[in-house]
Amino acid sequence: MRAFGAAFLLAASFILYAAGSARAQPAEQQMTVLHLSQTAERSVLRDLLRIDLRVEETGADPLTIQSSINRRMAAALDRAHQVQGVQVETGSYGVGEERPQSGPSRWRGSQSLILRSKAADAALKLAGALQSDGLLMSSMAYEASPEIVRGAEEDLTAEALAALDRRAASIADRMHLNVLRYRDLHVGNAETGGRPVPRFAAAAMAAPVAEPGEATIRVTIEAELLLVAPRP
């Protein structure tokens, strides 16, 4: 008797589920899924200068190379720390053996020094002084600071959402449908365009020249919306 009751309840539950699914399927079939992507962007002046320099040594003895790099980098750091408004950090450090096809093998070592500053004149002057001390220039570029990017993120997100709403409403109207609701929404973080290639000239005993230019900050939103036929 208990087995019969359990079977009856199971069958009743299945019938109710099937009936509910049958009612839901026509409703979903009457909806149109709209996939949209919208980007908002803004141009800003790049305000942060990054300069990458390096100490480089070659020779027959790796220990001598390392000692020389350490000594020269310590002097460079001491000089850089005396300049206010410039952030200083060391980068990659490596020593490796080179074995040319002709001639004896030799060792090459290098360590990078990174300068970041919104005070471009001070950073450029320091870079020139470090070059006069024998450091080599690896790269130099302006970029938008994190503060600038974060400051634009909220405004660009609101702008992209508003544009997405307008575009969805326009598409739905052309299809003689109404926007029911958002089914899925993905909001990206603020991003900047590719790294700039600044006007650049570098030579020993002379400060390099750089020009910031503008960066494009953008926020992209991807969404899925449900469209339905207007009620009669």
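Nothing here was measured: the structure is a model prediction, and the numbers come from that model.
- D52 is not listed as a side-chain neighbour of M140, based on a closest heavy-atom distance of 4.5 Å or more.
- Put simply, the side chain of Y182 reaches to within 4.5 Å of the side chain of D165, judged on heavy atoms.
- Between L124 and L49, the closest side-chain pair of non-hydrogen atoms falls below 4.5 Å.
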Would you tabulate the side-chain donor-acceptor contacts of residues 225-232 under 3.5 Å, counting partners in other chains and residues two or more places apart, or write 'none'?
none

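- With sequence neighbours excluded, the residues that form a side-chain contact (heavy atoms from CB on, under 4.5 Å) with S105 are E97, R99.
- Residues Y142 and A120 approach most closely at OH-CB, 3.0 Å, considering heavy atoms.
- Shown here for A60 and W107, the closest heavy-atom pair between the two residues is O-CD1, 3.3 Å.
- In terms of hydrophobic clustering, with Ile, Leu, Val, Met, Phe, Trp and Tyr side chains grouped at heavy-atom distances under 4.5 Å, L185 and L180 are assigned to different clusters.
- L45 and I148 end up in different hydrophobic clusters when Ile, Leu, Val, Met, Phe, Trp and Tyr side chains are linked at under 4.5 Å.
- The side-chain contact (heavy atoms from CB on, under 4.5 Å) test applied to R167 returns L36, Q38, I171, not counting sequence neighbours.
- Residues satisfying the salt bridge (charged side-chain N to carboxylate O under 4.0 Å, His left out) test with E224, not counting sequence neighbours, are R183.
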side-chain contact (heavy atoms from CB on, under 4.5 Å) between V219 and N189: does it pass, once the steps are laid out? CA-CA 6 Å; V219 170; N189 296 324; over 6 Å; no
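- Shown here for A190 and I217, the closest heavy-atom pair between the two residues is CB-CG2, 4.0 Å.
- S68 places no side-chain N or O within donor-acceptor distance of the main-chain N or O of T64, the cut-off being under 3.5 Å.
- Within 6.0 Å of CD in E89 there are more than 12 heavy atoms belonging to other residues, nucleotides or ligands.
- The NE2 atom of H81 lies 10.0 Å from the CG atom of L126; values are rounded to the nearest 0.5 Å.
- Linking Ile, Leu, Val, Met, Phe, Trp and Tyr whenever their side-chain heavy atoms come within less than 4.5 Å leaves L136 and I65 in two separate clusters.
- For NE2 of H176, the number of neighbouring non-hydrogen atoms (other residues, nucleotides, ligands) closer than 6.0 Å is 12 at most.
- Side-chain atoms of S37 never come within 3.5 Å of backbone atoms of E222 as a donor-acceptor pair (strictly under, hydrogens ignored).
- Contact of the R116 side chain with the V86 side chain is not registered, since no non-hydrogen atoms from C-beta on lie closer than 4.5 Å.
- With no hydrogens or angles considered, no side-chain donor-acceptor pair links R54 and S112 at under 3.5 Å.
- Listed here is the closest heavy atom pair of I221 and A160: CD1-CB, 3.6 Å.
- In this structure, E159 CD and E154 CD are separated by 13.0 Å, a value rounded to the nearest 0.5 Å.
- Not counting sequence neighbours, the partners of E98 by the side-chain contact (heavy atoms from CB on, under 4.5 Å) test are R106, R108.
- No more than 12 heavy-atom neighbours from other residues, nucleotides or ligands sit within 6.0 angstrom of NE2 on H186.
- Note on L164: it clusters hydrophobically with V187, by side-chain heavy-atom contacts below 4.5 Å among ILVMFWY residues.
- When all heavy atoms of S117 and G85 are compared, the pair lying nearest together is OG-O, 2.6 Å.
- A donor-acceptor pair is defined here as one N or O able to donate and one able to accept, closer than 3.5 Å; such a pair exists between the side chain of N70 and the backbone of Q66.
- Counting heavy atoms from C-beta outward, T192 and T216 have side chains that stay 4.5 Å or more apart.
- Between V88 and A80 the shortest heavy-atom distance is CG2-CB, 3.7 Å.
- In this structure, the side chain of T157 engages the main chain of E153 through a donor-acceptor pair within 3.5 Å.
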side-chain contact (heavy atoms from CB on, under 4.5 Å) between I51 and I114, intermediate numbers included: CA-CA 6 Å; I51 302 175; I114 303 167; over 6 Å; no
Go through it in stages, so that I can follow the logic: the residues are R46 and E211, the test is salt bridge (charged side-chain N to carboxylate O under 4.0 Å, His left out), and I'd like the CA-CA distance, side-chain angles, deciding distance and then a yes or no. CA-CA 9 Å; R46 296 185 176 99; E211 186 173 303; over 6 Å; no
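- To the nearest 0.5 Å, the span separating CG on L113 from OG on S92 amounts to 11.0 Å.
- The closest side-chain heavy-atom distance from L130 to L115 is below 4.5 Å.
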Any chance you could lay out the side-chain contact (heavy atoms from CB on, under 4.5 Å) test for V149 and V44, step after step, and finish with the verdict? CA-CA 9 Å; V149 175; V44 298; over 6 Å; no
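- Residue pairs meeting the salt bridge (charged side-chain N to carboxylate O under 4.0 Å, His left out) criterion with at least one partner in residues 33-45, sequence neighbours excluded, are E41-R218, R42-D155.
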